[in-house]
Amino acid sequence: MTTARPKRPLLQRWRGAWRRWSLWTALVLLVVSMLTTLVWLAGRYETSQVQSRLERDTVDAVSDIRTALTHNLQTLQALPTDSPGQLAWEIEAAELLKNRRELVRIELREPNLKTRTHAQSPYRPVAWDMRWRNSGHSELTIACANARRLSSPAYSSSYFQPHGDGLGSEMMELCVPLAAGGRTTGFLVATYSLQDMLINLVAHNLTRSQEASFTEADGTRLAVLGAARRGTRVFTAQHLLNLPGSTLVLRMDGWHSAPNLFPNVLTALVTAMSIALVTVVVVLVRDNRRRLRAERDLADALAFRKAMEDSLVTGLRARDLQGRITYVNPAFCAMVGFSAPELLGQSVSAPYWPPELVDEYRERQQVRLSGQLVPPREGFESIFMRKDGTRFPVLIIEAPLINAQGLHTGWMSAFLDISEQRRVEEISRASQERLQATARLATVGEMASLLSHELNQPLAAISSYANGSLNLLEHAEADGAKGIAEPEALQDVRMAMQQIARQAERAGRVIKSVHDFVRRRDRVRESVQAQQLLDAILPLIKLQARKLGVRVLTSVEPGLAPVLCDRTMVEQVLLNLARNAMQAMDDPSVRSRVLDIRVRRAASNQQSGWIEFTVTDMGTGIAPEVAEKLFTPFFTTRTEGMGLGLSMCRTVIEQHGGFLGYAPNVPRGTVLTFTLPVSLPDSEP
């Protein structure tokens with residue numbers, strides 16, 4: 001058994017190949033036999049056409065001869081015979097011989113056949129043997145005897161007549177009886193040359209490949225006209241020329257060469273069909289080879305696709321227009337923990353949907369399958385459940401399935417397990433928050449000296465007002481003991497107390513601003529008015545502005561919608577940009593030190609859903625070599641800087657979906673601009 005198994009597929013392949021080649025051989029033999037039959041039929045048809053044409057030409061030639069002989073007979077009968085000795089008859093007869101070259105002699109004879117007069121053709125001299133012509137056995141005597149008996153014109157049989165130049169030709173006599181008063185008064189005899197009859201009566205219809213001749217019944221040629229034989233095939237047509245008293249056979253031979261490649265339209269069509277059939281057979285053979293090669297290529301492509309799909313880590317799933325799962329790859333099965341048979345055909349709900357989200361996913365699937373919502377090209381996130389019940393996030397990218405006819409047949413989805421990506425993002429977010437907290441602490445450290453100076457003023461004022469209040473109270477007690485009331489002193493004490501409260505509130509605001517900026521809070525996006533963002537950082541900005549002699553200007557466009565942002569992060573961005581702008585103006589060459597902070601709608605569209613923040617300074621500007629690395633992490637132009645401020649600012653703005661950029665200010669300085677999205681009424685945190 002082990003030895004028979006490998007032979008059976010080989011035997012089956014051999015039988016299949018033999019059957020395929022036998023069919024092709026039968027087709028080729030059938031086509032060859034059909035082509036041979038068509039070519040043979042075309043040749044037969046061509047032969048019949050040539051023969052038919054020659055038959056028609058022979059009939060036409062006999063008709064022309066008969067017509068010419070009848071015309072000549074009428075002309076002969078019109079000659080005057082009442083005065084035979086007159087010169088008029090001879091003149092008319094000579095004129096007739098001159099016009100009708102097939103006639104060589106005209107004679108007028110007595111009833112006993114004695115010659116009265118005659119006229120001779122001027123074109124050919126003939127040595128006439130008058131004794132033979134007048135004998136009782138001559139063809140002329142026999143023809144006139146028949147004419148007397150029939151009382152009508154009669155022709156004689158042909159005979160050979162020598163010429164004066166040593167040659168000769170076949171002649172034929174026409175005897176026309178002349179009658180008057182019911183009795184024969186004589187005979188009019190006309191002699192025809194058979195050769196001249198062919199030349200003058202038949203030659204104009206002959207082609208170069210034809211030959212005409214008068215023959216006897218046994219085939220003996222009497223006169224011949226035409227070219228010599230020029231072909232490999234001879235076609236012959238014969239037709240009787242029945243004359244009163246005699247019968248001639250007109251024979252026409254036609255020579256036709258062997259059929260050419262295209263002898264006529266039919267042969268050309270047959271040849272074209274033959275070539276077309278052969279071409280079709282060749283094309284079928286080539287198409288069969290291409291089909292076999294395409295099948296092998298398709299099998300290789302399917303094997304390659306299967307190997308590629310098995311090696312993918314991206315899950316693939318195909319669904320038809322009714323939502324039924326028609327295909328899943330191994331990566332998708334490994335991702336959700338279900339096998340392909342457990343997933344194929346599922347449509348109402350998938351086993352990898354979390355139970356608490358089934359209703360939501362069904363509604364989303366109905367909307368997707370109805371075509372009302374086109375899936376985003378960048379994909380969307382969802383939550384799946386493995387077979388063991390664990391949940392994991394996935395990124396789904398969907399595209400329509402279009403078949404070869406351009407019809408939409410379903411949807412193809414690609415799935416990425418983003419659990420690890422989310423874990424890395426959380427680690428990165430925690431690290432970023434720690435860096436931001438460190439940066440805030442460093443900023444607070446730099447502001448410590450400013451806070452001490454700023455707090456000294458309200459504290460000194462509080463101390464002065466408190467001492468003054470104590471002195472006023474002591475004076476008031478002393479005067480009260482004496483019984484003297486001083487309302488002005490009480491009024492001064494009240495004013496001093498108000499100043500103490502105001503200065504204490506001022507110091508508290510400064511400390512609270514630093515405390516709110518430093519302390520760490522959870523990242524929560526909320527709707528915040530732009531003015532609130534500015535109010536939160538203005539005390540810190542003004543601390544450094546007083547030290548550097550910078551005038552701070554703020555402008556908020558009225559009627560602005562709140563922005564959706566992480567308040568702490570955006571406040572840090574504004575503070576970093578403002579501090580960098582003020583440090584850029586800390587130069588002796590800068591005399592006009594103005595920091596301008598403006599908030600307005602995005603300039604590109606007044607109905608846009610973005611708010612634009614600009615921080616403008618009058619500093620020295622940004623050099624081209626610095627501009628290339630302005631937002632690069634750890635790049636700084638200050639010796640005490642860490643190079644993280646602008647880099648973190650751009651990261652924060654881009655996380656909000658906005659854009660952070662810069663441009664030169666006119667006449668000097670720099671404009672830093674960033675955008676934040678507007679908080680829509682239905683936005684969720």
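Basis for what follows: all heavy atoms, side chains included, without hydrogens, waters or symmetry-related copies.
The closest side-chain heavy-atom distance from Val599 to Glu557 is not below 4.5 Å. By the 4.5 Å heavy-atom criterion applied to side chains, Pro393 and Ser382 are not counted as neighbours. Counting only heavy atoms from C-beta outward, the side chains of Pro562 and Gln529 approach each other to under 4.5 Å. Counting heavy atoms from C-beta on, the side chains of Met385 and Pro355 come closer than 4.5 Å. With contacts defined as side-chain heavy-atom distances shorter than 4.5 Å, the pair Val615/Thr670 does not qualify. For the pair Gln583 and Gln544, the minimum side-chain heavy-atom distance is below 4.5 Å. Arg668 places a side-chain heavy atom less than 4.5 Å from the side chain of Thr620.
Closest approach of Pro400 to His408, counting heavy atoms only: CB-NE2, 3.6 Å. Asp417 approaches Phe392 most closely through the heavy-atom pair OD1-CD1, 3.6 Å. When all heavy atoms of Ala340 and Cys333 are compared, the pair lying nearest together is N-SG, 3.7 Å. For the residue pair Gly619 and Val590, the shortest heavy atom distance occurs at CA-CG2, 4.3 Å. Considering every non-hydrogen atom in both Gly657 and Trp610, the closest pair reads O-CH2, 2.9 Å. The minimum heavy-atom distance between Leu401 and Ala318, with the atom names listed, is CD1-CB, 4.1 Å.
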- Kindly indicate, with the supporting measurements, whether the criterion side chain to side chain contact (heavy atoms under 4.5 Å, CB included) is fulfilled by Val556 and Ile597. CA-CA 8 Å; Val556 178; Ile597 303 176; over 6 Å; no
task = Determine, step by step, whether Val336 and Arg386 satisfy the side chain to side chain contact (heavy atoms under 4.5 Å, CB included) criterion, reporting the C-alpha distance in whole Å, the side-chain angles of both residues, the deciding distance to 0.1 Å, and the verdict.
result = CA-CA 5 Å; Val336 298; Arg386 295 188 178 93; 5.7 Å; no
**Study point:** Worked check of side chain to side chain contact (heavy atoms under 4.5 Å, CB included) between Asn665 and Met618
**Key:** CA-CA 8 Å; Asn665 186 33; Met618 303 291 291; 3.7 Å; yes
Before giving the answer on side chain to side chain contact (heavy atoms under 4.5 Å, CB included), spell out for Tyr361 and Ile383 the whole-Å C-alpha distance, their side-chain angles and the decisive distance to 0.1 Å.
CA-CA 10 Å; Tyr361 287 2; Ile383 301 296; 3.7 Å; yes
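One distance of note links CG of Leu595 with CE of Met585; it measures 5.0 Å at 0.5 Å rounding. Distance check, rounded to the nearest 0.5 Å: CZ of Phe613 to CG of Leu577 gives 11.0 Å. Here the OG1 atom belonging to Thr409 is positioned 6.5 Å from the CG atom belonging to Leu321, to the nearest 0.5 angstrom. Atoms CG and CD1, on Leu575 and Ile541 in that order, are 6.0 Å from each other to the nearest 0.5 Å. Here CG of Leu343 is found 15.5 Å from CZ of Arg324. Values are rounded to the nearest 0.5 Å. Rounded to the nearest 0.5 Å, atoms CZ (Phe659) and CD (Glu654) are 8.5 Å apart.
In this structure, Glu526 does not pair ionically with Arg567, as no charged nitrogen and carboxylate oxygen lie closer than 4.0 Å.
With no hydrogens or angles considered, no side-chain donor-acceptor pair links Glu612 and Thr675 at under 3.5 Å.
Annotation: salt bridge (Lys or Arg N to Asp or Glu O under 4.0 Å) contacts involving residues 401-415, sequence neighbours excluded, are absent.
Using cut-offs of 30° and 60° on the angle between ring planes, the pair Phe332 and Phe415 is tilted. Using cut-offs of 30° and 60° for the angle between ring planes, the Phe384 and Tyr352 rings count as tilted.
Residues passing the side-chain hydrogen bond (donor to acceptor under 3.5 Å, both in side chains) test with Arg598, sequence neighbours excluded: Asp596. Remark: Glu342 engages Lys387 in a salt bridge (Lys or Arg N to Asp or Glu O under 4.0 Å) (not counting sequence neighbours).
A distance-only check finds a donor-acceptor pair linking the side chain of Arg593 to the backbone of Asp587 [under 3.5 Å]. Side-chain atoms of His656 come within 3.5 Å of backbone N or O of Asp566 as a donor-acceptor pair.
Atom CZ of Arg391 is surrounded by more than 12 heavy atoms from other residues, nucleotides or ligands within 6.0 Å.
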